[in-house]
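In this chain, residues are counted from 1 in sequence order. Note: hydrogens, waters and symmetry copies are ignored here, and every other heavy atom, side chains too, is used.
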Amino acid sequence: MTSLHRIGLMTASLLFSAGVSAATLPSECGSGSYTRLVNVKTAKELSSALSAAKAGDLIYLAAAVYKGNFVAAVSGTSTNHITICGTRSAILDGESLKSGYTLHLKGASYYRLAGFSVSRGKNGIILDSASNNVLSGLAVYNTGNEAVHLRTNSSFNLIESSEVSNAGQYTADYGEGVYIGSAKSNWCTYTNCDPDKSDNNKVIGNKIFGNAAEAIDLKEGTTNTLIQGNTFDGSKITGANYADSWIDIKGNNVTVKDNVGQNTGAILLDGYQTHVVVDGWSENIVFHGNKSAVNGKGYAINVDKSKNVTIYCDNTATGAASGLANQECAPAPREPADTGSDSSVNVKIAKAEAVASAIEMRSDQPIAKLFDACSKDQESCMAGTNTGSTMEIVFDFKSLHNIGTVKLFGDANGNWVSKTMDIEYKVAASDAYVSVVKGLDVFKNEWITQSTKNLQAQFIRVRVYGDAAKKSVQARELEIWGRPVAGAPTTPTTPTTPTTPPVTENPPTGNDLDVIKLVSPSSTYPGDKVSGLTVKYYGDQSYDSNALTKFDMFAIDSKVKTPLVIFIHGGGFRSGDKADSHGDAKNYLNKGIAYATINYRLMGTAPIAGQTLLLPLNDSRRALQFIRHYASQFNIDTNKIVLMGSSAGASTALWIGLQNDMKVSSSNDPVLRQSTRVSGIALKSTQATLDTYRWANDAEFKGMYSSGANYKTLLKYSDVFYANTGTAFTSIDQVLKEPYAGLRAKLDVINFMDSADPEIYAENDAAASDTLHTYYQVDRLYAAAAAKSIPGVFKTPKATKTIPSSKTADSSIANFVYRILGK
């Protein structure tokens, strides 16, 4: 024992015996106080100290290796933490990588762990039902699975200034650096089948590197997490279990701020990812001031289906092949300058660069009676009147802008006040205004900020409503924040630059509705006549500028809008034609249902060799949106559309129908602003998923793809789906590595499923031995749908199953369509 230890021990004992509550901590342990100092230098002494711990204890670790698994089960208090500290030369060694928690806080709260090292063990540090703990200045490394795991409702913990590295030495799938919460599949193990509410945790100022999986995995069920000022290195991420980013966010109310990420490995796809695995989670996420050197094929920030995600424009990306993010960024938060009593309107674009001004101010009185000093070449103006209670201000930005926020400094004093505000926008001068918010409360003496979520607009119209009785209104200060759309023309009249939808990796080519016109319909059409109906046949109608992207529409000329079936042909994504199903049109037309058939670009054919399967999938998606855009011309009821397909077309219908709405509301392209949601999905000879790794591994396939000819076919179609080189994969494990691992999640429709999905009819009548259309595919689809309570009918030669089980099965795919569409 050094003199420092002896002095500390004597001081603590004397002060404690004298009834004094605290003495100064040793320097290694930071500032603070303790009531009892316990020096340990062996594993046995440490275990004894933890068993006998009391609130206010300081357990000081001498420089030594402490082999074993250590458990802390006694809590401190909010005023008297239990401290365990030492230098990095004090090493807790879990010995085995296969089992054991090296340090386990089991129901133990109010601990401070500082300075020492934790190595090996299946897990390094585990917190179970442990809250209000501080992990500071630690080194946690070389663990079998996760290095640090907060679970079982462990909340209000702080992990700071630590190094967390080389997790996943035994199981790469679980090699996260920091893991917060539990996957839904483990809720029944840890939290009585309720969400694991490991909430209000902070991860600040750490170095997290060399781990086999994500630096931080934030699970569904967690809320209010702050991840700030950390450094991440993804160079050793293996891609196992879909790990291909620094952080994976599935929880709510998350702030990711001022982190620095880097990568020199080949697996990392995106810097940060969000994923929705449970409805209602992965919402309200903010990315602010992060610097991302991705050096990968994806984005710095890749948002899946998460809601209310804000990506500020002060995030930066280098080496991210797809760019900063798959959604527009918002201007970084900035407090407006104090302008005192100056009642002005300031238009702020791209960090205070004024590129537009109010061109018109109107109220319910003539303009001449407005107190209006605004002019077209100034950015400020007086904005108020005592002759009317409504103020309207129109801004013309002269070109398309991404608008992030609108800010008003409200006025609740005196005769001139602001009570409520409406905000509207439009893209072109000829468009109608679209509401952003109506009746927003602005009766306050403070800044009111309204997010506009990076909508694209040339015009913003703001209405401020004041005191109707006093006929007065005041817009004290108004600011609009955003930035110009790159390459957008000045004063556009018909916007033609498409915005890439977030679901595409190989997006369809741009659409110019001045070029793509509706063909003239014919009163005759292929097939038999339909008695009692007038059918308009639109043959070879383009829905994009590519020569192959066409559809045929059998529209019904009637006084009421008609439901629609859209059929997508099969052929393994390499053959087939829209005309193949013309013979089925009559059946649906006789029921008063319009019928459309789609062509899409095929894999392995010039000029698209090397493209991924997302190309034809997104072609069909766009065809649906194009038809919706021209619904009035086709006389279509957009609320009654069923997607139908066979084989590859069935998989495409599933891919579109099971995703959240893929419309891009802020797009310049009016087609992409159309919804992709449908009323039903009708499938013949389908695949349950386009993730071929599932075919080889999911139990419902009964190992049919594990060897022999079926395995060779699996490898062939893995190339078709993922690479399109014409050369079969050599192993199914190739899809676990980049550049294919990231694509798997985008093709796996099972991951898209949730309870809000439309009803499914799936029928595979082929034998189990049919490689591509085995009825095992329907068995797998049924299991996935049942897990999410998606209603449907699932038919195979062996059985017909329904969800719910009490449901009466439709006798055929046609009868399913008739029922769904009310016919």
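Side-chain atoms of I237 and E214, non-hydrogen and from C-beta on, never get closer than 4.5 Å to each other. Side-chain contact between D304 and Q273 is absent, with no heavy-atom pair separated by less than 4.5 Å.
One distance of note links CD of Q659 with CG of L654; it measures 11.0 Å at 0.5 Å rounding. Atom CG of L226 sits about 4.5 Å away from atom CD1 of I204, to the nearest 0.5 Å. Of the inter-residue distances, the one linking I208 atom CD1 with E163 atom CD reads 10.5 Å to the nearest 0.5 angstrom. With values rounded to the nearest 0.5 angstrom, Y179 atom OH is found 13.5 Å from I216 atom CD1. Distance check: M704 CE to N710 CG gives 4.0 Å after rounding to the nearest 0.5 Å. In this structure, CG in L113 is found 9.5 Å from SG in C85, a value given to the nearest 0.5 Å.
Note: W695 and F721 have perpendicular aromatic rings, judged against thresholds of 30 and 60 degrees for the angle between ring planes.
Partner of I227 under the side chain to side chain contact (heavy atoms under 4.5 Å, CB included) criterion, chosen from F232, W246, Y272: F232. The only member of T255, D199, N200 that meets side-chain hydrogen bond (donor to acceptor under 3.5 Å, both in side chains) when paired with N224 is N200.
Ion pairing between R601 and D619 holds under the 4.0 Å rule for side-chain N and carboxylate O. Salt bridge annotation for R744-D748: absent, with no cationic side-chain nitrogen under 4.0 angstrom from a carboxylate oxygen. Salt-bridge check for K207 with D233: failed, with every basic side-chain N at 4.0 Å or more from each acidic carboxylate O.
Neither side chain, H288 nor D258, offers a donor N or O lying under 3.5 Å from an acceptor on the other. In the model, T222 has no side-chain atom that pairs as donor or acceptor with a side-chain atom of S198 under 3.5 Å. Side-chain contact of N252 with N284: a donor-acceptor pair under 3.5 Å is absent, judged by distance alone.
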Criterion side chain to side chain contact (heavy atoms under 4.5 Å, CB included) on I732 and Y705, from CA distance to verdict:
CA-CA 10 Å; I732 191 59; Y705 296 104; over 6 Å; no

Step by step, work out the side chain to side chain contact (heavy atoms under 4.5 Å, CB included) result for F752 and D757.
CA-CA 9 Å; F752 302 158; D757 285 334; 5.7 Å; no

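For Y141, the OH atom is densely surrounded, since the number of other residues' heavy atoms within 6.0 Å is greater than 12. The local environment of OH in Y711 is crowded, with over 12 non-hydrogen atoms from other residues, nucleotides or ligands closer than 6.0 Å. Around the NZ atom of K305, the shell of radius 6.0 Å holds more than 12 heavy atoms that belong to other residues, nucleotides or ligands.
Although no hydrogens or angles enter the test, the distance criterion places a donor-acceptor pair under 3.5 Å between the side chain of N259 and the main chain of N230. D173 contributes no side-chain N or O that, together with a main-chain N or O of A240, makes up a donor-acceptor pair within less than 3.5 Å. A distance-only check finds no donor-acceptor pair linking the side chain of S119 to the backbone of D93 [under 3.5 Å].
Qualifying ring-ring contact (aromatic ring centres under 6.0 Å, His included) partners for Y740, counting only residues two or more places apart in sequence or in other chains: F729.
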